[in-house]
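Let me begin by presenting the structure, written as structure tokens, before commenting on it.
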There are 2 protein chains.
Amino acid sequence: MAKEVKLTRNQQVVMAALTDAGQPLSAYQILDLEVVRDNGLKAPLTIYRALEKLMALGQVHRIESLNAFVACDHEPHAEPAAFMICQDCRCTIEFSTTSLSRSIARHAGQHGFQMAGMHLEVSGHCEACASAH
Amino acid sequence: MAKEVKLTRNQQVVMAALTDAGQPLSAYQILDLEVVRDNGLKAPLTIYRALEKLMALGQVHRIESLNAFVACDHEPHAEPAAFMICQDCRCTIEFSTTSLSRSIARHAGQHGFQMAGMHLEVSGHCEACASAH
DNA sequence: AATGAAAGTGTTATGATATAACGGTAAGTT
DNA sequence: AACTTACCGTTATATCATAACACTTTCATT
């Protein structure tokens, strides 16, 4: 892991829930999990606060098109995120954008736009779902 | 224009509001505009229904990260959309993804993912705002 | 013109997502 | 200990989006 930051109890609980899920969950879906409620988290704000911190640490990313949150599946990072989202099983695959973001930044520059960050979401069908029709 | 589809009154009102605005507006911001209310549109659902149609026609696009909608500034299209969004003045610049989406589709394919569509949002500073600091 | 299908509309209610405001607590500086 | 900073619990509220139902308009086809 890049940088061991001590997470608070609430943050650990939310992080564990997302890691276990292996797919994006909305804040309210997290809130409804038994393992979360049993740990005393019972208000939306409690979840959102934990998520906010986890996103700042790059351990969780937000999927805009789903209004949901997903555990980062490799090194935590704040770098531009990109996701493939299966329309069938809802699984997500995160991929790196190092090369892509450079070319997009250049493209933006041609429009006089100074790029600060980017967010890419690709929808479609994952390998398992595509082969199963 | 690609295909002249006759818009209903509600759809025309919403389309005109977005075109006039020249920046993304939320459904409720549209609803609150005088020009919209004066035309008798007074319920959220009325706005959402018009937006749904306009998006299907490719004349309006949704900006996920803002929960807002923006008028398409060139040929209406259903093609993968990409936007640069100024964090200062909130203006958006839409750009084409024909070359980009091909390379992303190829990238996805390497992960066994069959791409259906994509949505790219670049945040940063537009030329005017960047030069004004 | 009659008729029937499809799309659009108005209205009310509700669901889903997210944050504001306030006061209190925990943990680490110095 | 005093101070700072982050975190937390609670209540209320803001914001975004859709369900359900009955009615109307539009328009191709008979």
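Model, not experiment: these values are computed from the prediction. Proteins come first, then strands; the chains are lettered A, B, ... in the order of their sequence lines, and each starts at number 1.
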Quick one: side chains of residues 42-54 of chain A, donor-acceptor pairs under 3.5 Å with protein atoms, not counting sequence neighbours, listed by atom name and distance.
residue: A/T46; atom: OG1; partner: A/A43; partner atom: O; Å: 3.4

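- Between the CG atom of B/L7 and the C1' atom of D/dT25 there is a distance of 16 Å, rounded to whole Å.
- Taking the salt bridge (charged side-chain N to carboxylate O under 4.0 Å, His left out) definition, one finds that B/D20 meets it with nothing, sequence neighbours left out.
- Between A/K6 and C/dA27 there is no side-chain N or O to OP1 or OP2 distance below 4.0 Å.
- Per the geometry, CD belonging to B/Q12 stands 15 Å off C1' belonging to D/dT25, to the nearest Å.
- No side-chain heavy atom of A/N39 sits less than 4.5 Å from a side-chain heavy atom of A/Q12.
- For the pair A/V14/A/F69, no side-chain contact is recorded, criterion being any heavy-atom separation below 4.5 Å from C-beta on.
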Show which side-chain atoms of residues 111-120 of chain A pair as donor or acceptor with protein atoms under 3.5 Å away, not counting sequence neighbours.
residue: A/H111; atom: ND1; partner: A/H107; partner atom: O; Å: 3.3
residue: A/H119; atom: NE2; partner: A/R62; partner atom: O; Å: 3.3
residue: A/H119; atom: NE2; partner: A/E121; partner atom: OE2; Å: 2.6

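- Looking at every heavy atom in both residues, B/P24 comes nearest to B/R90 through O-NH2, 3.1 Å.
- Other residues, nucleotides and ligands contribute only 12 or fewer heavy atoms inside 6.0 Å of the CZ atom of A/R9.
- Residues A/L18 and A/I30 have side chains in contact (heavy-atom distance under 4.5 Å, counting atoms from C-beta outward).
- C/dT17 atom P lies 14 Å from atom CD1 of A/I63, rounded to whole Å.
- Heavy atoms of other residues, nucleotides or ligands lying less than 6.0 angstrom from CD of A/E64 number more than 12.
- Under a 3.5 Å cut-off, the side chain of B/S26 and the backbone N or O of B/Q29 do form a donor-acceptor pair.
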Which pairs, protein N/O on one side and nucleotides 11-16 of chain D N/O on the other, fall under 3.5 Å?
none

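- The side-chain heavy atoms of A/C89 and A/C126, taken from C-beta on, include a pair separated by under 4.5 Å.
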Please list, pair by pair, any protein nitrogen or oxygen found under 3.5 Å from a nitrogen or oxygen in nucleotides 5-8 of chain D.
residue: D/dC7; atom: OP1; partner: A/K53; partner atom: NZ; Å: 2.5
residue: D/dC8; atom: OP1; partner: A/T8; partner atom: OG1; Å: 2.7

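- Rotation axes derived from the C1' atoms of the five outermost pairs at either end of the helix from C/dA1-D/dT30 to C/dT30-D/dA1 lie 30° apart, to the nearest 10°.
- Look at NZ on B/K42: it is 15 Å from P on C/dT9, rounded to the nearest Å.
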